[in-house]
**Student:** 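Quick one: structure below, then a few questions.
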Number of protein chains: 2
Amino acid sequence: MATTDKASPRDRLLDAAAELFYRDGVSIGVEALCRSAGVSKRSMYQLFDSKDEVLAASLERRAPGYAARLMPGPDDAGTPRERILYVFEQAEKASAEPEYMGCPFLAAMVELKDPEHPASVVARAAKETLQEAFRVQAELGGAADPALLARQLMLVFDGASARAGAKLESLDGLTVETVRTLLDAAGVA
Amino acid sequence: MATTDKASPRDRLLDAAAELFYRDGVSIGVEALCRSAGVSKRSMYQLFDSKDEVLAASLERRAPGYAARLMPGPDDAGTPRERILYVFEQAEKASAEPEYMGCPFLAAMVELKDPEHPASVVARAAKETLQEAFRVQAELGGAADPALLARQLMLVFDGASARAGAKLESLDGLTVETVRTLLDAAGVA
DNA sequence: AAGCCTGTACACCGATCGGTTTCCTCTTGG
DNA sequence: CCAAGAGGAAACCGATCGGTGTACAGGCTT
């Protein structure tokens, strides 16, 4: 049996949504989405008000696991510098898989082009969470300007995501090397 | 009269396509596109084989002007460092306009999610042109690793584009400051 | 066993998709 | 002055869009 057989319709729907929206883009149809999830359209529209809400919910569901995979555990040892670099090492590791298409939250926002879209709101929150984590570590690491460094790191992170999604970059150590340079310049030991 | 009144149907079509695809995304319909261009669908399909070809042609048409606005003229004075920084200064200046949504070529590739799409091929070429220009200037400027620096600059450029398109960033000197740091580290005086 | 709640299956809605075709009106060259 | 071609308006194609309405099947509780 498929791995999704025992899960609730809601979970099957959100899992399928996360995968299809990521792989094929937000233009994927409700019909195809429900077929892939093994859920009837009727059930989907009883669980959610609209396709947009399904997309938003699927991103929201994805957020904690996404952060957990990128960020070292809070009790893991390591200097702030190491913790920051860890994020980019993890991202580069993920980008080795051929189905990797960059940060799903960034991709959704770029595709939607509407900052007010419910999914954009969720995605923006996820990005701000990461940026704030960077800022905290930058501050702990003694960065000259923690907020600036955090924004620079997001720039590199999202640049790598966009270019990976566009199949423009292979990311063999490029972001880690760049981040090292930025950390050095900011005085993060 | 509108500025497009005297132009040929082909030019009106490509101009409207560039604007609509950029502002509303590649999912914009042929109907709306033709209406906005003041061109009949019949004419469009006599000039192009498909909507995809229109998109590719509109990007191709846009490329030279885009490069010209970003890059300093070849006879402009300036050190390689200044020439590289000029690109990011121009990009930041453009991002002040509210309708700015980042690099149209990057946005198209991210939305299409298909590296083989005719428009993706055009867009990738445009990106490679910019990267090569960076590499040349990096080499002229005595960068330790010109190819690496060029890739880093693209990372920052596309990161800024993606985040501008997603309305995540205001770009008040952020990229210029970041690029300065990278140039310093690479030894580009 | 009766009633109920989930959920599926499927027809259906108007709108729009990319694309084609028909018809008609202009302009322009001979 | 008339023929020919270019191009616009709009009907039309099958498919799909997001979203509903209806009917039925299986598992609960009481």
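Below, chain A is the first sequence line, B the second, and so on; all start at residue 1. Computed from a predicted model, the values in this text were never measured in an experiment.
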**Student:** Looking at the side chain of B:K51, which of D:dG19, D:dG7, C:dG18 is the nearest nucleotide?
**Tutor:**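 It is C:dG18.
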
**Student:** Tell me the interatomic distance from A:L47, atom CG, to C:dT8, atom C1', rounded to whole angstroms.
**Tutor:**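 My rounded result for the distance is 13 Å.
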
**Student:** Measure the distance from CD on A:Q46 to C1' on D:dG19 and round it to the nearest whole Å.
**Tutor:**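 About 13 Å, once rounded to whole Å.
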
**Student:** Please tell me if the side chains of B:F88 and B:L70 come closer than 4.5 Å, counting only heavy atoms from C-beta onward.
**Tutor:**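 No - every pair of side-chain heavy atoms lies 4.5 Å or more apart.
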
**Student:** Atom CG of B:D49 and atom P of C:dG19: how far apart are they, to the nearest Å?
**Tutor:**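 Computing the B:D49:CG to C:dG19:P distance gives 9 Å.
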
**Student:** Does C:dC10 have its OP1 or OP2 closer than 4.0 Å to a side-chain nitrogen or oxygen of A:R35?
**Tutor:**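 No, no such contact exists.
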
**Student:** Using a heavy-atom cut-off of 4.0 Å across all strands, would you classify B:L33 as base, sugar-phosphate, or nothing?
**Tutor:**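 If one applies the 4.0 Å heavy-atom cut-off, B:L33 turns out to touch nothing in the nucleic acid.
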
**Student:** Taking CZ from A:R10 and P from C:dC5, how many angstroms apart are they, rounded to a whole number?
**Tutor:**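 Computing the A:R10:CZ to C:dC5:P distance gives 21 Å.
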
**Student:** Which of the following nucleotides, C:dT8, C:dC17, C:dT20, is nearest to the side chain of A:R42?
**Tutor:**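 For A:R42, the side-chain atoms sit closest to C:dT8.
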
**Student:** Please say whether the positively charged group of A:R62, taken as NZ for Lys or CZ for Arg, lies over the ring of A:Y22, i.e. under 6.0 angstrom from the six-membered ring centre and within 45 degrees of the axis.
**Tutor:**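 Yes - A:R62 lies over the ring of A:Y22, closer than 6.0 Å to its centre and within 45° of its axis.
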
**Student:** More 5' along DNA chain C: A:S43 or B:D52, using each one's nearest nucleotide?
**Tutor:**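 The answer here is A:S43.
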
**Student:** Roughly how many Å is it from CD in A:E31 to P in C:dA9, rounded to a whole number?
**Tutor:**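 The answer, rounded to whole Å, is 12 Å.
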
**Student:** To the nearest Å, how far apart are B:F48 CZ and C:dT20 P?
**Tutor:**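 Atom CZ in B:F48 sits about 15 Å away from atom P in C:dT20.
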
**Student:** Using OP1 and OP2 only, check whether a side-chain N or O of A:Y45 sits under 4.0 Å from D:dG19.
**Tutor:**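 Checking A:Y45 against D:dG19: at least one side-chain N or O falls below 4.0 Å of OP1 or OP2.
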
**Student:** Without decimals, in angstroms, what is the distance between B:K41 NZ and D:dA9 C1'?
**Tutor:**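 After rounding, the gap between these two atoms is 12 Å.
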
**Student:** Evaluate the side-chain proximity of B:P72 to B:Q90: yes if any heavy-atom separation is below 4.5 Å, no if none is.
**Tutor:**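 No, side chains not in contact.
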
**Student:** What about the rings of B:F105 and B:F21, do their centers lie closer together than 6.0 Å?
**Tutor:**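 No, the ring centres sit 6.0 Å or more apart.
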
**Student:** When you compare the side chain of B:L130 with that of B:M154, does any pair of heavy atoms fall below 4.5 Å?
**Tutor:**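 They are in side-chain contact.
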
**Student:** Whole angstrom is fine here: how far is it from CE in A:M44 over to P in D:dT20?
**Tutor:**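 That distance rounds to 10 Å.
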
**Student:** Picking from C:dT8, D:dA9, C:dT20, which would you name as closest to the side chain of B:S40?
**Tutor:**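 Per side-chain heavy atoms of B:S40, the pick is D:dA9.
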
